[in-house]
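Within every chain, numbering begins at 1; the chains are lettered A, B, ... in the order of the sequence lines, protein sequences first and strands thereafter. None of the values given here were measured: they were computed from a predicted structure.
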Amino acid sequence: MKHHLERLLAQAVAELHRRGALQRNAAGLVQLQRTRNPRHGDFASNLALLLGKAAAADPRKLAADLIGALPASDCVEKVEIAGPGFINFFVSRTAWREVIGEIRAAGTTYGNSAIGRGRAVLVEFVSANPTGPLHVGHGRGAAYGDAVARLLSAAGYRVRREYYINDAGRQMDILALSVWLRYLEQCGATPGGLGDAFPANGYQGEYVRGLAADLHRQHGDALGADADTAGRLFANLPEDGEARIDALIARCKCALGETYRALFDHACATLVERIRDDLLRFGVRFDHWFSERTLVEGGDIERAIAALAERGHIYEKDGATWFRATDFGDQKDRAVLRADGSHTYFAADIAYHFNKGERGFDLILDVLGADHHGYAGRVAAAFEALGFERKRLQMRLVQFATLYRGREKVQMSTRTGEFVTLQELREEVGVDAARFFYVSRKNDQHMDFDLDLARTQSADNPVYYIQYAHARICSVFRQLRDKGLPDADAAAPDYQRLTESGEFELMQTLSRFPEVVEQAAGGFEPHLVAYYLRDLAHDFHAYYNAHPFLSSEAGLRNARLGLIDSVRQVLANGLDLLGVGAPDKM
RNA sequence: GGGCCUGUAGCUCAGCCGGAUAGAGUACCUGGCUUCGAACCAGGUGGUCGGGGGUUCGAGUCCCUCCAGGCCCGCCA
């Protein structure tokens with residue numbers, strides 16, 4: 001509907017231009033807006049105001065000329081000039097009624113568009129280090145990234161979801177060490193347990209003991225150390241915490257030799273598998289799990305640095321190798337190779353984005369936690385420095401959800417093991433409620449998540465309000481069958497029978513859905529869909545309370561059933577875009 | 001010190017490329033089930049859009065400045 005009217009306006013502009021009444025063909029300026037006030041019609045355009053400004057002409061006269069040049073259309077009841085030069089469109093009732101047939105014909109594809117033109121897009125999200133289970137902070141990135149991916153698919157993009165596994169860094173060594181130390185406890189090599197000897201900056205979560213127990217079941221004491229070795233393990237360690245844990249890692253590698261790799265791999269693979277399973281239960285499926293280690297072992301980091309060097313963006317200083325990020329708008333230059341020749345975390349990410357760029361995606365979207373925002377600038381800088389078009393790489397930051405239990409703020413740290421896992425959240429509030437809550441705020445909006453409230457007030461969650469509308473409609477159709485009434489579509493419904501204002505409000509809201517999806521996809525803003533669905537559910541519930549559907553008069557009944565069936569369809573389509581279910585009954 | 005995000009009703013938040021009288025939920029008040037599901041609906045109370053200046057036909061929206069909160073600023077990952 002909106003696009004149709006926009007085309008009419010664009011034709012009017014072209015016509016005026018052809019007649020010489022307009023300096024330039026400003027069809028690109030055409031924009032329509034849904035009105036807030038019904039007295040302003042259904043759609044309004046400020047086109048004459050914009051053109052009047054550019055041409056120093058009287059906007060009201062321009063508006064009159066535009067209206068005069070407007071092609072005839074059955075959709076348009078009347079067109080008016082208002083205020084300083086707005087053009088107000090009043091859409092005919094017949095045109096509104098057509099949306100019902102459109103929706104029912106399109107079914108699950110209603111709302112889809114082709115604005116993506118089949119372009120390939122890579123969406124990378126979550127990408128949490130496999131050093132522990134996912135927690136509620138990761139949940140937001142998962143819900144957001146997946147909803148964006150669904151939106152982009154609906155908008156005609158070819159979408160690939162990817163998870164980047166940081167399986168090569170020091171954090172993973174710390175994890176492996178932590179598991180080994182717990183394993184030594186299992187072997188009885190450290191009588192009474194490690195107590196205070198366990199490094200404070202190691203991973204202290206209970207799941208580490210679980211991994212150690214797995215190892216002990218599989219290997220017995222074979223990966224252990226005798227009491228003497230275990231005793232020497234903690235002798236003469238550096239005072240400093242970071243140096244201390246690095247020394248422990250070195251001793252662990254030394255004690256285990258080649259089997260260190262097996263320990264490391266077991267911990268990593270187990271946690272990745274757990275994360276994958278966790279996300280699947282959350283309704284999120286990735287197409288590809290990209291391992292950082294494949295970059296390291298495949299020589300991709302050297303290649304990426306060489307590519308930067310070839311373009312003159314690399315220099316040496318203090319024995320280290322630097323990327324001149326400041327040439328690309330970053331705050332400071334960044335090290336890629338340390339003085340000892342090892343690569344930095346950033347170097348691996350340059351290689352990863354080099355790889356992403358070379359895979360030929362038209363659009364690359366990184367969904368990052370807000371704590372990585374300082375990091376976004378340097379990645380974008382490197383991407384451009386590698387010769388890629390900067391616009392191809394888009395980043396969206398997801399702000400943290402601050403957790404509360406009542407008034408109390410919940411502190412979270414993977415290392416100390418104090419966190420609420422995604423699994424616990426799922427079990428407490430359910431997938432649908434959690435996902436809807438996560439995406440019902442803008443990604444860059446800080447979020448307070450009160451766990452007590454989420455649990456006790458789950459019935460007040462807007463998601464139930466929307467799902468209830470869907471279930472209610474399904475229930476009406478069940479009633480129809482129970483009463484032995486004929487199928488609503490036995491004869492083609494005559495929607496001319498719909499004349500109530502509540503019915504036209506519903507049709508208008510229904511017709512907005514494709515616009516909402518388009519806008520939400522274009523701006524990576526799933527929250528728009530969440531707000532839209534609440535509006536639609538509200539219009540439906542109001543209609544439900546005002547008018548009976550199962551009227552004894554078949555013509556009116558079938559028309560109304562057709563209308564609410566299209567509401568059901570749009571509710572289901574919208575919820576699906578957010579990864580939320582649309583139950584038949586609740 | 002620098003950078004990013006945020007500031008809209010008591011609370012939690014929307015507000016599309018600047019558009020007409022700033023909207024929801026929640027809380028509070030008043031009504032509505034003998035009838036398709038009351039997890040619902042109707043009505044009401046509630047606003048200096050953080051402060052100040054600027055741009056213009058028009059500013060919650062753009063620019064400048066100040067204030068407040070969150071996060072980040074390593075040859076860690």
On a whole-Å scale, what distance lies between the [atom1] atoms belonging to [N] and [M]?
N	M	atom1	value
B:G47	B:G10	C1'	12 Å
B:A68	B:G50	C1'	8 Å
B:C66	B:G7	C1'	14 Å
B:C73	B:C13	P	25 Å
B:A39	B:C29	C1'	22 Å
B:G15	B:U61	C1'	9 Å
B:A14	B:G23	C1'	7 Å
B:G25	B:A42	P	9 Å

OP1 or OP2 of [N] under 4.0 Å from side-chain N/O of [X]:
X	N	answer
A:Arg472	B:A38	yes
A:His527	B:C16	no
A:Gln445	B:U12	no
A:Gln467	B:A39	no
A:Arg36	B:A22	no
A:Tyr465	B:C41	yes

ask   = Is A:Phe86 stacked on the base of B:A20, meaning ring centres closer than 5.5 Å and planes within 30 degrees of each other?
value = yes

ask   = Would you call A:His40 stacked on B:A20, i.e. ring centres under 5.5 Å apart with the planes less than 30° off parallel?
value = yes

Pair assignment for [N], Watson-Crick or G-U wobble, requiring both distances under 3.5 Å:
N	value
B:C76	none
B:U21	none
B:U34	none
B:G58	none

request  = Please work out if A:Leu337 contacts a base, only the sugar-phosphate, or nothing of the nucleic acid, heavy-atom cut-off 4.0 Å.
outcome  = nothing

query = Base, sugar-phosphate alone, or nothing: which one does A:Asp167 contact when heavy atoms must sit under 4.0 Å apart?
reply = nothing

inquiry  = Can you work out whether A:Phe477 or A:Phe346 has the more 5'-proximal nearest nucleotide on RNA chain B?
reply    = A:Phe477

Comparing A:Leu397 and A:Phe437 on RNA chain B - which has the more 5′ nearest nucleotide = A:Leu397

query = Are the aromatic rings of A:Tyr144 and A:Phe125 close, with centres under 6.0 Å apart?
reply = no

key: Sub-6.0 Å ring centroid separation between A:His538 and A:Tyr465   = no

I need the [atom1]-[atom2] distance between [X] and [N], as an integer number of Å.
X	N	atom1	atom2	answer
A:His446	B:C72	NE2	P	11 Å
A:Arg170	B:C75	CZ	P	14 Å
A:His541	B:C36	NE2	P	16 Å
A:Phe549	B:C40	CZ	C1'	12 Å
A:His373	B:G3	NE2	P	11 Å
A:Gln33	B:G23	CD	P	14 Å
A:Gln31	B:G18	CD	C1'	9 Å

request  = May I ask you to decide if the ring planes of A:Tyr532 and A:Phe513 are parallel, tilted or perpendicular, using 30° and 60° as cut-offs?
outcome  = tilted

task = Specify whether A:Phe290 and A:Tyr164 have parallel, tilted or perpendicular ring planes, treating 30° as the upper limit for parallel and 60° as the lower limit for perpendicular.
result = tilted

Minimum heavy-atom distance A:Asp333-A:Tyr315, with the two atoms named = OD2-OH, 2.6 Å

request  = Would you state whether a donor and an acceptor, one from the side chain of A:Asn461 and one from the base of B:A39, lie under 3.5 Å apart?
outcome  = no

query = Think A:Arg472 forms a cation-pi with A:Tyr544, using NZ or CZ under 6.0 Å from the six-ring centre and within 45 degrees of its axis?
reply = yes

message = Which residue in the set A:Thr344, A:Asn355, A:Val336 passes side-chain contact (heavy atoms from CB on, under 4.5 Å) when paired with A:Ile350?
response = A:Val336

